[in-house]
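Just below is one structure, and these are the notes that go with it.
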Amino acid sequence: MEVNKVYSGFRLNRIERIEEINGTAYEMKHEKSGARLIYIDSPDSNKVFNIAFRTTPHNSTGVAHIMEHSVLCGSRKFPLKEPFVELVKGSLNTFLNAMTYPDKTMYPVASKNDKDFRNLMDVYLDAVFYPRVREDAEIVMQEGWHYELDHADDELTYKGVVFNEMKGVYSSPDSVLERQMMRELFPDTTYGVDSGGDPDHITDLTYEEFQNFYNVHYHPSNSYIFLYGEMNIEDQLRFLNDEYLSHFDAIDIHTEVTLQTPFKEGKVVSYPYSVGSDEFTDNRTLHSYAYVLPSVTPEQSLAFEILTHALLTSPAAPLKQALVKAGIGSDVSGYYLDSIRQPIWTIQASGSDMSKQAELQRIVESTLQELCDKGIDKELLEASLNSIEFALREGDFGGRPIGLAYIIRMMDNWLYDQDPIKLLHYEEALANIRHGLRGSYFEDLIRRSILDNQHKALVSIYPERGLQERKDAEVKEYLANVKDNMGKAEIEGIVEQTKRLKIRQETPDSDEALASIPLLELSDLTPEMEAVERYESKIGSTTVHFVPTFTKGINYVAFYFNLSCLTEEELFYADILSDIIGRIDTKYRSYKELANDINLNLGGLSSDITAISKDGKRDEFVPLMIVRSKALNSKLLDLCRLINEVVQYADYSNEGRLTELVQESKSIWDNEAFRRGNSIVSQRVMAQVSAVGKFRDDGNLGYYRKISELASNPAALPLLPEKLADVARKIFRANNVDIMFVGKDSELDTFKNLMEPLLMMWSTEALPNNTLQIKRAEGNEGIVTAGKVQYVAQGGNFIDHGFKHIGPMSVLETILRYEYLWIRIRVQGGAYGAFANFYDDGNMIFCSYRDPNLVETLNVYKELPDYLRHFTLTDREMRKYIIGTMSALDLPMTPALRGPRAMGMYFSGAKLEDKVEFRKQVIACQPEDIVALADVVEPVLKDNHICTMGNEQKIKDAGAIFDHIISLG
């Protein structure tokens, strides 16, 4: 392809090699429609397509978010109620979603299968350019909001998917804080409103406003199209032109993000947020001190990421430490955000109170001034630079397609008519920043962008009991007045509208409509799966598991410590150990010096606790603490040295530091607990059902409750050092660990030679490995919060009833998630979603999230066996569910994920041939196999294991269901 030539209506304006990502970028513009396009040619089989629109709402009705949902509810070529869901059921996609940002909406898909990739593109393009919602207001009612009235005498209520989703979002204190912060910083621009929607304002959205928003924003002239990976690009351009873009003429689009006029002086404001009537309020205030930065270059953006890590993220972070030492908050963090037109830099403190507001501002400004005057520690900056640089070079996106990470990054410039490709280059910026370490590069950046900047706001939110109840009462009174002012005909109209909407939701798509969705053949599937090789060798008595992998010069290492030597009571201290590893002093130096060493030489060092169930076994599992690290192979010596130091020579005697970390952990949980609702209630149910479920809950809500108790009990804290040291002694033994190494053969030899003399110094004390005896929880729980919605879980164990884990169960998971539970709980019930999981240890769970209902959702679960006994599907629809199930089983393996996959197989005792057999069962699944699962589900549901977390009044109204009603806080 040549610059200035036209290919299927696209003029190629630029070709640029991007060595940092091993790709070549082609920037084009479609001359007839005005659409922009960038293609990155890269030797990656995981292809990515994305179409984005600049969406700039002027109010908080959530119109952009509701639009994202609604355009995916049927289109010209695909006249179904929800083509998006049909795609998920039957695609081999590696990513399929849509996302609303403050100023853009993105529709990305990815697949390794060429046919599937084209199908995904076609459905998404037809959805955004020819959606049915332009003429069908009922879609907006379902996805956005509507009045619900089953009978004329009933109470008038609101319902809608986005409405309930955002009620869930606004139930988290940190979400409330972020929303208020953006409103204060950008009172005159689109960032001052909530593109996702404020529940108090979503119900102001009219269909006419919705249509106008579509007409302004969803035109090719306002679009940004992205393609990535190995493909025939000329064929893709031809498809885009012939099927879509050639049918549009370019128009003038005015969706620009306006600039907020800089403030002449900063703001200090505060707002209440709601907590439950039984929740504590002490030390529950959150602060956010944020600056809107003057214009920054891509290099300066990278420098701010490094600066944020150095000052607020690293354990050696001086700004964080200054605030914690002054008692401003138990958890201090911060972030740099440049995915909006005017970037912001934010310092946040939680676990605080309102009396600390002025002191926070003083300490932030005085500490930054002192750092500028005296100079920031060069080693600290270099360590943070290394940490950020490692992440850039590794290019791991947590298993998601890397092409998706590239387009998300590029949009940070492209959306504002700046050079998008420039953001994928980083070598020159890194070199300049590294050179700047010798001088006052970072100090100058702080002076110019922070200390001399008055465009700032200190926003605090404080807890207030009863706030949500008052708001609920106000809404109830408002709706009662609305209904009182309606005439009889208007009331009957809403009753009729409610009926019509429910009939629509209950009526299945026709076979003809379903057939419009393109579908692969079962012959496109294979039961075979990639075998991740694992080889065992020894260092003394310790087993080393080698997973040979090409890793771009990075080695991944993990130490798997068995926790069977502990009691259940001691698991709490193991969880604390996992939280604090690498963040406390060692025998040789302070935790700040240690943190710099880790960041200078490694790509990360972390720990987590997990349980791996024995394949197909009831209540047999391996409890593990996993200490992970990664480094360039040239840094293997440092990796071995540092892991040895943090596990063998940690100093637990600094009671002050331990107290800081305990308080920090509690504060993080205080803010994030409601967001983890589906995990909490699922594991609380499993804690009643199985030992492994109780083990996992001990590290989830069980941990939160114990850490809260410890944080509020000063008398218990002096006992902590001895407890931690004793548990560490039991865990960190050479005869109690398996080591994983991912890399090349020659690197393994180097690693073993480096690690052997260190391991020889580790304890080999013989301790019994059957000490851990888990006592299951008893009784159904309702966990009350100030939340506006619920998480509702029910489950049990099917092995208890004589069944085993088989392939059709995975197909049923797909059917329930995107058919039965989707329709009954999301579409009809108004929840954000629901899911089902059947595990190979026999555990089974159903869970809804951001759900306005409680008893109604439990009834949906109760009626599932009857649904299954009457289950029928065409061959085509069955094929769709099988393909969608296989897609979930075939997620791409990155180098970082190959080792954990191999170790999971090892500890579970699973065999590759058994996994292949399971996949064969999935591919061979028939409708009668799904019908037969009614006999599995029914007795498990009758065991009646339930847990719900959510609105206090809702739970108390359903009190007979629960044996215990407890408070989250």
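These numbers come from a predicted model, not from an experiment.
Side-chain contact between F117 and Q236 is present, with heavy atoms from C-beta onward closer than 4.5 Å. Residues I923 and T526 form no side-chain contact, since every pair of their non-hydrogen atoms from C-beta on lies 4.5 Å or further apart. The side-chain heavy atoms of I517 and V123, taken from C-beta on, include a pair separated by under 4.5 Å. Put simply, the side chain of I554 does not reach to within 4.5 Å of the side chain of P895, judged on heavy atoms. Between L563 and L624 the shortest side-chain heavy-atom distance does not fall below 4.5 Å. Side chains of F798 and M809 form a contact here, defined as non-hydrogen atoms less than 4.5 Å apart. Residues D935 and R869 are in side-chain contact: their nearest non-hydrogen atoms beyond the backbone lie under 4.5 Å apart. Between Q828 and K502 the shortest side-chain heavy-atom distance does not fall below 4.5 Å.
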Output, in order, the C-alpha distance, side-chain angles, deciding distance and verdict of side chain to side chain donor-acceptor pair (under 3.5 Å) for S690 and N797.
-> CA-CA 8 Å; S690 67; N797 189 282; 5.7 Å; no
Go through the steps for K77 and E243 under the test salt bridge (Lys or Arg N to Asp or Glu O under 4.0 Å), then give the verdict.
-> CA-CA 11 Å; K77 285 187 186 179; E243 292 293 321; 3.0 Å; yes
Could you go step by step and tell me if V169 and R850 meet the side chain to side chain contact (heavy atoms under 4.5 Å, CB included) rule?
-> CA-CA 8 Å; V169 170; R850 294 177 182 173; 3.6 Å; yes
Under the side chain to side chain contact (heavy atoms under 4.5 Å, CB included) rule, what do L92 and L525 come out as? Steps first, then yes or no, please.
-> CA-CA 9 Å; L92 289 175; L525 307 177; 3.6 Å; yes
Any chance you could lay out the salt bridge (Lys or Arg N to Asp or Glu O under 4.0 Å) test for D697 and R684, step after step, and finish with the verdict?
-> CA-CA 6 Å; D697 177 68; R684 291 301 280 182; 2.5 Å; yes
Does the pair F84 and H69 meet the rule for a ring-ring contact (aromatic ring centres under 6.0 Å, His included), with working shown?
-> CA-CA 9 Å; F84 170 80; H69 281 238; 8.9 Å; no
Audit row: L80, L514, side chain to side chain contact (heavy atoms under 4.5 Å, CB included) steps and yes/no = CA-CA 7 Å; L80 299 89; L514 289 169; 3.5 Å; yes
Determine, stepwise, if the pair E536 / R534 fulfils salt bridge (Lys or Arg N to Asp or Glu O under 4.0 Å).
-> CA-CA 7 Å; E536 294 184 17; R534 181 186 58 84; 2.8 Å; yes
Show your working on salt bridge (Lys or Arg N to Asp or Glu O under 4.0 Å) between D840 and K614 and close with a plain yes or no.
-> CA-CA 8 Å; D840 57 14; K614 289 292 186 180; over 6 Å; no
After noting the C-alpha distance and the side-chain angles of N50 and L404, does the key distance pass the side chain to side chain contact (heavy atoms under 4.5 Å, CB included) rule?
-> CA-CA 8 Å; N50 179 68; L404 177 61; 5.6 Å; no
Would you sort out whether T100 and E68 count as a side chain to side chain donor-acceptor pair (under 3.5 Å), showing the intermediate values?
-> CA-CA 7 Å; T100 302; E68 174 224 304; 2.5 Å; yes
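A perpendicular orientation is assigned to the rings of Y849 and Y832, their planes being inclined by more than 60° (bins at 30° and 60°). Relative orientation of the F621 and F695 rings is tilted, given thresholds of 30° and 60° on the angle between their planes. Ring geometry for Y228 versus Y406: interplanar angle over 60°, hence perpendicular rather than tilted (30 to 60°).
Atoms CG and NZ, on N700 and K694 in that order, are 12.0 Å from each other to the nearest 0.5 Å. With rounding to the nearest 0.5 Å, the separation of CD in Q921 from CG in D929 is 9.0 Å. The line from CD of E877 to CD1 of I882 is 11.5 Å long, rounded to the nearest 0.5 Å. Summarising the geometry, atom CG belonging to D122 is positioned 10.0 Å from atom OG belonging to S516; distances are rounded to the nearest 0.5 Å.
No option in I825, V685, V681 other than V681 meets the side-chain contact (heavy atoms from CB on, under 4.5 Å) test with C847. K89 pairs in a salt bridge (charged side-chain N to carboxylate O under 4.0 Å, His left out) with only one of the listed residues (E819, E813, E82), which is E819.
Between the side chains of D851 and T857, at least one donor-acceptor pair of N or O atoms lies under 3.5 Å. A donor atom on one side chain and an acceptor atom on the other are not found under 3.5 Å apart for T94 and S111. Counted by atom type alone, H801 and D943 present one or more donor-acceptor pairs between their side chains at under 3.5 Å. Residues S606 and R628 bring no donor and acceptor atom of their side chains to less than 3.5 Å of each other. N562 and S564 are linked by a side-chain donor-acceptor pair at a separation below 3.5 angstrom, with hydrogens and angles left out of the test. Defined by atom type and a distance below 3.5 Å, a donor-acceptor pair is missing between the side-chain atoms of E863 and Y861.
Of all heavy-atom pairs between I883 and L520, the closest is CD1-O, 3.4 Å. The nearest pair of heavy atoms linking L120 to L96 is CD2-CD1, 4.0 Å. When all heavy atoms of M893 and R901 are compared, the pair lying nearest together is CE-NH2, 3.5 Å. The minimum heavy-atom distance linking L889 with R919 is given by the pair O-NH1, 3.8 Å. For P79 against A513, the heavy-atom pair with the smallest separation is O-CB, 3.8 Å. Among all heavy-atom pairs drawn from L772 and P623, the shortest one is CD2-CG, 3.7 Å.
With ring centers used as reference points, Y820 lies under 6.0 Å from Y867. Remark: aromatic rings of Y124 and F49 are distant, center separation not under 6.0 Å. Ring to ring, Y560 and F907 are close: their centroids are under 6.0 angstrom apart. Proximity of the aromatic rings of F741 and H545 is defined here by a centroid distance below 6.0 angstrom, and this criterion is not met.
Taking a 6.0 Å sphere around CZ of R400, one finds it holds 12 or fewer heavy atoms contributed by other residues, nucleotides or ligands. Within 6.0 Å of NZ in K804 there are 12 or fewer heavy atoms belonging to other residues, nucleotides or ligands. Surrounding CG of D875 are at most 12 heavy atoms belonging to other residues, nucleotides or ligands under 6.0 Å away. Summarising the local packing, CD of E512 is surrounded by 12 or fewer heavy atoms from other residues, nucleotides or ligands at distances under 6.0 Å. Around the NZ atom of K617, the shell of radius 6.0 Å holds no more than 12 heavy atoms that belong to other residues, nucleotides or ligands.
Side chain of N46 to backbone of G229: no donor-acceptor contact under 3.5 angstrom is found. Side-chain atoms of Q794 come within 3.5 Å of backbone atoms of L941 as a donor-acceptor pair (strictly under, hydrogens ignored). Between the side chain of S908 and the backbone N or O of S613, no donor-acceptor pair lies under 3.5 Å. With hydrogens and angles disregarded, no donor-acceptor distance shorter than 3.5 Å links the side chain of T549 to the backbone of V742.
Cation-pi geometry between R118 and F239 is met: the NZ or CZ atom falls under 6.0 Å from the ring centre, inside 45° of the normal.
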